[in-house]
Amino acid sequence: MPTEVLLVEDSPGDVRLTQEAFRDANRSIHLHVVSDGVEAMAFLRREGSYGHVPRPDIILLDLNLPRMDGREVLGHLKEDDSLKTIPTVILTTSDSEADIVQCYQLQANCYLSKPVQLDAFESLVKSINDFWLTKVKLPQQPRGG
Amino acid sequence: MTKALGTVVDITARSSAAERVRLAVEASPNGMVTIDRAGNMVTVNAAVEQPFGYRREELVGQPVEMLAPARRAADKVLAQMEGRYRGLLEAAPDAMVVVNQSGEIVLLNVQAEKQFGYRRDELLGQKVTNIIPDGFAARLIADDLRSEEDALAQQIGTGIELTARRKDGSAFPIEIMLSPMESAEGTLVTAAIRDISARKKCEVDLLQKVAELNRSNEELGQFAYIASHDLQEPLRMVASYTQLLSRRYKGKLDSDADEFIAFAVDGASRMQRLIQDLLAYSRVGTQGSDLRDISSEDALRQALINLRGAIKESGALVTHDPLPAVLADETQLTQLFQNLVGNAIKYQNPGVPKVHITAAMSGGKKWTFSVRDNGLGIDPQYFEKIFGMFQRLHKREEFAGTGIGLAICKKIVEQHGSHISIESRPGQGSTFRFALARSERTS
């Protein structure tokens, strides 16, 4: 069974870079992309045109997004019994202490800063794959799933 | 018990009315004396003789002080004091106004006339509320909760800021100091009134300047964020995609394409370093210094750990004397040592780089640190330039780096209230010096 990854990212350049990096790291991944928080919630709740999308195994969430930003998405996710078990990895350019603290308070599963250098970004994506998508045991029957 | 009847003197003619008066006076149980203008006694009644122990003829023609020396002297002193007090009032640089318990002005000086724009006679006897509408008279009045004395005592010696009004109706800020004065008419209050328009204006100006400074500091912090995030974002795209291009298409296009892509990759990564350095520089200023008692030796040790790669690679010999406790921001001091020692290792002749760090007490309050190396040295004409932002003395091919290191050093040292200096000659090595305050814990 392929691993379903939801990437919430508004910059097309970053989306493509992440796709390229995952292609190198693990070809069996299905990377779904939405570009803001409202779309992310619709995807996760299978609303509107997202009626038939799979439940993601992991969410990669950017913080600065149009309409509904990543912090709000994180808040909604962790208040929702059926969604809170999906590991949510913050993947953002912000390395501000305030953002880091706030995200962990909102129960993000981990916080990663996007490295500036391409090599470092690729190796970060590889470690996300090696850890979250390979080593980590995820629940098979999510509550209310 | 002694009473002066000053008006009886003129009617000494032997009229029957005068005689009746004389008899009445003579019969009075109170001692009675009449005096002339010089203060000498003219008549004395019987009631005076016994208590004072004088016979009547011993008193007539004598000064009245014979009977009441202390009282007379007190009156004289009081009169003298009043004279002196007027002199003091006029000599005071502030407007002075003396007010009685009814809130009426009984005395004022020429400064008060000038300050309020009235002539003296326009103010004398007038209510003080004419010139100080609120807050003055109210403070002197007794109420159910406090006596006159208490009301006044609460105000003595402290400056009270109020608003005063000139004759032309214009208002100005004042500070008044009150002091009580006992007098024949009861307790009077002297108010020294200072026009504080200039001080108020300075205070307003100062607040404005502080607000401006805060705003510009905030803008600088904002700039740091823009540099860190908004500028880096698009640049990260340029850098990443040119690197991706280079990796995937190197050798697949023509040699021109390879060269162009290489320049683009190089330019983008240099700009990334510049932005990161700029950010590091602005952080030194915007985050402020957290001055504590710390061990400068610990800070150096941490700097050397951070530099271990460069030290190992160059084979440098970094030594130091025992270093003191100082009052400094530990993170910044570490960065300062790291930049200085890093430079010392970097700008080197072939051979073993040697760096030695010492500290010497100067003036009892400060430690002067020296970081001495045996490197290339610097021509004195560049001493100013090297501490500037992005100033470099070498080509990029010779030495990498953006030229921010010493600018950051300078900023750190200045944040510690000191300045950094250099002593060097080309080929003779360099010594950088800076001073830090002695730790408060050291005895």
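Being a predicted model, the structure only gives us computed values, none of them experimental.
A:V116 approaches B:R236 most closely through the heavy-atom pair O-CG, 3.5 Å.
For B:R273, no part lies under 4.5 angstrom from a heavy atom of chain A. There is no contact between B:L235 and chain A, counting heavy-atom distances below 4.5 Å.
Within a 6.0 Å radius of OH in A:Y104, other residues, nucleotides and ligands contribute more than 12 heavy atoms. Enclosure of atom OH in B:Y382 is not indicated, since only 12 or fewer non-hydrogen atoms of other residues, nucleotides or ligands lie within 6.0 angstrom. A 6.0 Å sphere centred on NZ of B:K410 holds no more than 12 heavy atoms belonging to other residues, nucleotides or ligands. Counting heavy-atom neighbours within 6.0 Å of B:R292 CZ, excluding the residue itself, gives a total of 12 or less. Annotation: B:M271, atom CE; neighbour count of heavy atoms from other residues, nucleotides and ligands within 6.0 Å does not exceed 12. With a 6.0 Å radius and a threshold of 12 heavy atoms from other residues, nucleotides or ligands, B:E384 has its CD atom at or below the threshold. Counting heavy-atom neighbours within 6.0 Å of A:K126 NZ, excluding the residue itself, gives a total of 12 or less.
Residues A:T93 and B:E233 form a side-chain contact, since some pair of their non-hydrogen atoms from C-beta on lies under 4.5 Å apart.
Applying a 4.5 Å heavy-atom cutoff, the residues of residues 17-45 of chain A that approach chain B are A:L17, A:E20, A:R23.
To the nearest 0.5 Å, the span separating CD on B:Q272 from CD on A:Q117 amounts to 5.0 Å.
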